[in-house]
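Chain identifiers are assigned alphabetically (A, B, ...) following the order of the sequence lines, protein sequences preceding nucleic acid strands; residue numbering begins at 1 within each chain. The shown structure was predicted, so the numbers you read here are calculated from the model rather than taken from an experiment. Heavy-atom basis, side chains included; hydrogens, waters and symmetry copies ignored.
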There are 2 protein chains.
Amino acid sequence: MTSAEYPAPEMSEVQLVDILRAVADPIRLEIVRVLADGEPHSKHEDEWGFDVHKSTLSHHFKALREGGVTLTTVSGRTHVIQLRRRELDKKFPGLIDALVTEGPS
Amino acid sequence: MTSAEYPAPEMSEVQLVDILRAVADPIRLEIVRVLADGEPHSKHEDEWGFDVHKSTLSHHFKALREGGVTLTTVSGRTHVIQLRRRELDKKFPGLIDALVTEGPS
DNA sequence: GCGATTGTTTGACAAGCATCAAACAGATGC
DNA sequence: GCATCTGTTTGATGCTTGTCAAACAATCGC
């Protein structure tokens, strides 16, 4: 059982504005909100139900990973994505909460 | 003494992703951090010290205003810009704090 | 009125980005 | 081995964006 990680930036190199750019897109923001349940999620298209091509979804996952928001673990032919919650909360206190919290209409 | 407001969106129409897009730029993020002192600030170039043309700065101010982040009041020939702090805090609790807070390196 | 000040608007340009489609790559299972 | 499955990569396309430069607009002070 092989298991490897995709390259992702050190959190020490991640700037707030990188996170913001990564998250300033409707689809990517929604992905983060789903990942905020703390569980690892499959990248499989059917799990997400966005109306975009699978290569587009792959592009968004890459943007999140390279922006320092997520980690990707490969196990066999499935990829699992996770929010870097603990690191993000430490470096950018309150940010993820603010992104996930339902505000008043 | 004339004093008028520039058009800005109703906060009820502002989406989180609009705020994020507005703030996902180094210059605009820095502007927000300065405005977070709660005081109105002049738009005058010298107040900010960014190394961009004044028309570029004007463009950034516009992006912030249209994104729902700031309000602009015109008095004579000077424009004053303010963070819509109370409204933003109500609709997106903790967000501005997270943008302004200094995180660990 | 006239020049100076403050800031916006318009136009042009290069770079970046969201998207789809097709090709590719590795792992699984028969 | 071979078809299938999961996901990435590459290429193309159109849209958005950050930037500068120049023109414009409104106000102030003399």
Side-chain angles (χ1 to χ4, degrees), chain A residues 1-8 15 17-32 34-35 40-82, chain B residues 1-8 15 17-32 34-35 40-82:
Chain A
M1 166 192 147
T2 42
S3 175
E5 292 227 333
Y6 258 45
Q15 310 276 110
V17 73
D18 298 324
I19 304 285
L20 294 175
R21 242 187 298 112
V23 145
D25 173 276
I27 289 185
R28 294 201 292 267
L29 180 57
E30 181 58 28
I31 291 173
V32 168
V34 169
L35 293 182
H41 285 255
S42 162
K43 287 185 181 171
H44 198 282
E45 243 184 320
D46 304 343
E47 299 280 325
W48 301 92
F50 295 117
D51 194 22
V52 293
H53 198 276
K54 66 172 182 170
S55 59
T56 301
L57 198 49
S58 182
H59 157 75
H60 285 307
F61 286 136
K62 185 179 186 181
L64 287 172
R65 176 169 47 81
E66 294 185 339
V69 180
T70 59
L71 280 183
T72 293
T73 310
V74 181
S75 306
R77 68 183 162 186
T78 71
H79 294 204
V80 162
I81 188 173
Q82 264 178 289
Chain B
M1 166 192 145
T2 42
S3 174
E5 292 227 333
Y6 258 45
Q15 310 276 110
V17 74
D18 299 324
I19 303 287
L20 294 175
R21 240 188 300 113
V23 145
D25 173 276
I27 290 186
R28 294 201 292 267
L29 181 56
E30 181 58 27
I31 291 173
V32 169
V34 170
L35 294 182
H41 285 254
S42 162
K43 287 185 182 172
H44 197 283
E45 242 184 321
D46 304 343
E47 299 280 325
W48 301 92
F50 296 117
D51 195 21
V52 293
H53 198 277
K54 66 173 181 168
S55 60
T56 301
L57 197 51
S58 182
H59 158 74
H60 286 308
F61 287 136
K62 185 178 185 181
L64 286 172
R65 176 170 47 81
E66 294 185 339
V69 180
T70 60
L71 280 183
T72 292
T73 310
V74 181
S75 307
R77 67 183 162 185
T78 72
H79 293 205
V80 162
I81 188 174
Q82 265 177 289

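Looking at residues two or more places apart in sequence or on another chain, you find a side chain to side chain contact (heavy atoms under 4.5 Å, CB included) between B:V34 and B:E30, B:H41, B:W48. With sequence neighbours left out, the ring-ring contact (aromatic ring centres under 6.0 Å, His included) criterion links A:H60 to no other residue. Every residue meeting the side chain to side chain contact (heavy atoms under 4.5 Å, CB included) condition with B:P40, not counting sequence neighbours, appears here in chain and number order: B:V80, B:Q82. Every residue two or more places apart in sequence or in another chain that forms a ring-ring contact (aromatic ring centres under 6.0 Å, His included) with A:Y6 is listed here: A:H79. In this structure, A:H59 has no side-chain hydrogen bond (donor to acceptor under 3.5 Å, both in side chains) partners at least two apart in sequence or on a different chain. Residues passing the salt bridge (charged side-chain N to carboxylate O under 4.0 Å, His left out) test with B:R28: none are found, sequence neighbours excluded. By the side-chain hydrogen bond (donor to acceptor under 3.5 Å, both in side chains) test, B:S42 is found to be paired with no residue, residues two or more places apart in sequence or in another chain being considered. Annotation: side-chain hydrogen bond (donor to acceptor under 3.5 Å, both in side chains) contacts of B:T56 (sequence neighbours excluded): none. In this view, B:K54 and B:E45 satisfy the side chain to side chain contact (heavy atoms under 4.5 Å, CB included) rule, not counting sequence neighbours.
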Under 3.5 Å, N/O pairs linking protein and nucleotides 19-21 of chain C:
residue, atom, partner, partner atom, Å
C:dT19, OP2, A:H60, NE2, 2.4
C:dC20, OP2, A:H53, N, 2.6
C:dC20, OP2, A:T56, OG1, 3.0
C:dA21, N7, A:S55, OG, 3.4
C:dA21, N6, A:S55, OG, 3.0

Please tabulate the protein-to-nucleotide N/O contacts below 3.5 Å involving nucleotides 11-13 of chain C, giving atom names and distances.
none

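Contact between the side-chain N/O atoms of B:R28 and the OP1/OP2 oxygens of D:dG18 is found at a separation under 4.0 Å.
Within residues 63-72 of chain B, no residue is approached by DNA chain D to less than 4.0 Å at the level of any non-hydrogen atom.
Taking every side-chain heavy atom of A:K62 into account, D:dT9 is the closest of D:dT9, D:dT4, D:dC28.
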